[in-house]
Amino acid sequence: MTPQQEKLQQDATEVIAKRMPFLNKDKQHAITVEPDASRLTVAGLDDEEETILKEILRKEYGYSNLK
């Protein structure tokens, strides 16, 4: 895994744990990041939850090219 992938995965995990308390914390979320860190997929989230996660990452963590 590239450093970009690891950083995005860590940031996404942090956002889920700290900023999205409405999600079930006991549930593990499999986070998949493309090699260029431009696409993020999170198993266990519905489309709306994933959109919220990505918006937080774009606006507050600076992932402007995230799809």
Side-chain angles (χ1 to χ4, degrees):
M1 188 176 284
T2 68
Q4 288 178 323
Q5 285 175 291
E6 283 185 41
K7 178 73 172 133
L8 178 53
Q9 188 173 33
Q10 288 172 352
D11 289 344
T13 300
E14 179 179 312
V15 170
I16 290 170
K18 295 181 180 177
R19 302 288 308 277
M20 302 176 79
F22 53 88
L23 297 176
N24 183 354
K25 289 189 176 209
D26 296 331
K27 188 175 182 181
Q28 292 290 345
H29 300 284
I31 299 171
T32 306
V33 180
E34 293 295 314
D36 63 355
S38 67
R39 187 173 300 273
L40 172 74
T41 306
V42 183
L45 298 184
D46 64 26
D47 290 339
E48 184 178 0
E49 293 166 338
E50 193 167 312
T51 299
I52 292 167
L53 171 64
K54 289 177 182 178
E55 281 301 310
I56 292 170
L57 289 168
R58 284 184 196 108
K59 291 179 180 180
E60 296 183 21
Y61 288 76
Y63 292 98
S64 59
N65 295 325
L66 185 61
K67 296 176 189 160

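In this text the structure is predicted, and so the values were computed from the model without any measurement.
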J.: Which distance, rounded to the nearest 0.5 Å, do you find between the CG of Asp11 and the CG of Leu57?
T.: 6.5 Å
J.: What's the separation between atom CG in Leu66 and atom CG in Leu53, rounded to the nearest 0.5 Å?
T.: 8.0 Å
J.: Which atom pair, heavy atoms only, marks the closest approach of Glu14 to Tyr61?
T.: OE2-OH, 2.9 Å
J.: As an exercise, state the distance from CD of Gln10 to CD1 of Ile31, rounded to the nearest 0.5 Å.
T.: 10.0 Å
J.: What's the spacing between Thr13 OG1 and Leu8 CG if we round to 0.5 Å?
T.: 9.0 Å
J.: Please report the shortest heavy-atom distance between Tyr63 and Arg58, naming the atom on each side.
T.: O-CG, 3.1 Å
J.: Using only atom types and a distance under 3.5 Å, with no angle test, would you say the side chain of Glu49 pairs donor to acceptor with the backbone of Asp46?
T.: yes
J.: Name every donor-acceptor pair, under 3.5 Å, that has one atom in a side chain of residues 33-45 and the other anywhere in the protein, sequence neighbours excluded.
T.:
| residue | atom | partner | partner atom | Å |
| --- | --- | --- | --- | --- |
| Asp36 | OD1 | Ser38 | N | 3.1 |
| Asp36 | OD1 | Ser38 | OG | 2.8 |
| Asp36 | OD2 | Ser38 | OG | 3.2 |

